[in-house]
Amino acid sequence: MTAANEFIPSGGKAEDTGTQEIFGIKLTPQVQAIGVAVLGLGIAGYLVYQFVLPEFQKSGEFKQKITESKQTQLQLQTLIQKKAEAEANQEEAKQRRANVTAMFASDTGVTTLLFDMTQLVNRINAGVQGDDLKAKITKFEPDIPPAAATAAPGTLDPDILRDTSFGPSLAGKLRRKKFKVEFEGNFAQTRNFMRNLELMQSLLVVRNLKSELLVSTQALQVDFLKGKIIPVDQPQTKIKTAFDLHALLPLKQEEKPPTPAPSPGAK
C-alpha cells in the first residue's frame with residue numbers, strides 16, 4: 001500500500017543513509033583510509049620532532065664536546081711539552097752559567113793574587129845567579145776609582161762593572177778588580193811571565209800593555225894576544241813592562257738581578 005505524496009521511481013536506488021559528511025566531504029572508506037594515513041604521518045612526525053630530533057641534537061652536542069675535549073687534551077699536551085722544554089732549557093742555562101762562573105776569578109784568588117804572581121816569578125828565577133839577572137815585580141797596586149774610594153758604606157758595590165769596556169752586554173753583570181802592575185826582566189823572562197799569567201787564573205785580562213828598554217848588558221872577555229874584546233854571551237837586555245790587570249768576578253748573591261718570572265704558557 002502506498003501512502004499519499006510518496007513516489008518511488010522504478011529502477012531507482014535509495015541513498016545510503018549510513019554515509020557521513022565533514023565539510024562537504026563524504027567519509028567513504030577510501031577517504032577514511034587516507035585520513036588515517038595522514039593522521040599516522042602526523043603522529044609519526046610529532047614523535048620524531050618530540051623525541052628523535054632532540055636525541056640527534058644531543059648526539060651532535062656530545063660529538064662536539066668530544067671534539068672540544070680532544071682539542072683541550074692536545075693543548076694540555078702541548079703545554080706540558082713546552083713546560084718540559086722550558087725546564088730543560090732552564091737547567092741547561094743554569095749549567096752554562098755555572099760553567100762560565102767557574103771561569104771567573106774568585107775573591108779568594110784576587111786576595112792572593114800578588115802571592116801567586118810572586119811564586120810565578122820565583123819559578124822563572126830558578127837557577128838564575130845574581131840579583132841583577134833575576135826577574136822581579138816592581139809594582140803591584142790596586143787601582144781604585146775615585147768614586148769608589150769616597151763611597152759611603154752600604155752603597156752600591158763600587159766593583160760592579162759599569163762601563164762598556166768589555167761589551168755592552170756585560171755592563172752591570174760582573175765585578176772587576178783592577179791593579180797596576182810593573183814587571184822587569186829580559187825578553188825570555190817577560191815572555192814566560194806573561195804566558196804563565198794567562199794560565200795562572202781564569203779571566204785575568206791585561207790592558208794597556210807597555211814595554212820599554214831599560215839597560216842592555218853583555219859579558220865581555222879581553223883577548224890580550226889578539227888585542228880584542230870578545231863578547232862571551234848574548235847581551236842581557238832588561239825590559240820594563242807595565243800593564244793594567246783586570247780580574248773579573250761574578251756578582252755577589254745579593255747583587256744578582258732577579259730571575260724573570262716564567263711565561264704563562266710555561267705553566
Grab the two heavy atoms, one from [X] and one from [Y], that are nearest each other, plus how far apart they are.
{"X": "Pro250", "Y": "Arg175", "result": "O-NE, 3.0 Å"}
{"X": "Ala242", "Y": "Glu182", "result": "CB-CG, 3.8 Å"}
{"X": "Ile137", "Y": "Thr118", "result": "CD1-N, 4.2 Å"}
{"X": "Leu245", "Y": "Val181", "result": "CB-CG2, 4.1 Å"}
{"X": "Asp163", "Y": "Leu161", "result": "OD1-CD1, 3.3 Å"}
{"X": "Ala135", "Y": "Val121", "result": "O-CG1, 3.4 Å"}

| said: Around atom CD of Glu68, are there more than 12 heavy atoms from other residues, nucleotides or ligands closer than 6.0 Å? | reply: yes
| field | Partners meeting salt bridge (charged side-chain N to carboxylate O under 4.0 Å, His left out) with Asp132 (sequence neighbours left out) | value | none
| message | Please check this pair: side chain of Asn192 against backbone of Ala188, looking for a donor-acceptor N/O pair closer than 3.5 Å. | response | no
| task | Give a yes or no answer on whether the side chain of Gln189 reaches the backbone of Asn186 with a donor-acceptor pair at less than 3.5 Å. | result | yes
[X]: what forms a side-chain hydrogen bond (donor to acceptor under 3.5 Å, both in side chains) with it, not counting sequence neighbours?
{"X": "Lys178", "answer": "Asp143"}
{"X": "Thr190", "answer": "none"}
{"X": "Asp244", "answer": "Lys180, Asn208"}

| note | Residue set satisfying side chain to side chain contact (heavy atoms under 4.5 Å, CB included) with Phe187, at least two apart, ordered chain then number -> Arg191, Ile239
| said: Once side chain to side chain contact (heavy atoms under 4.5 Å, CB included) is applied, do any residues pair with Leu209, and if so which ones, sequence neighbours excluded? | reply: Met194, Val206, Thr241, Phe243
| Lys/Arg N to Asp/Glu carboxylate O, Glu184 vs Lys238, below 4.0 Å | no
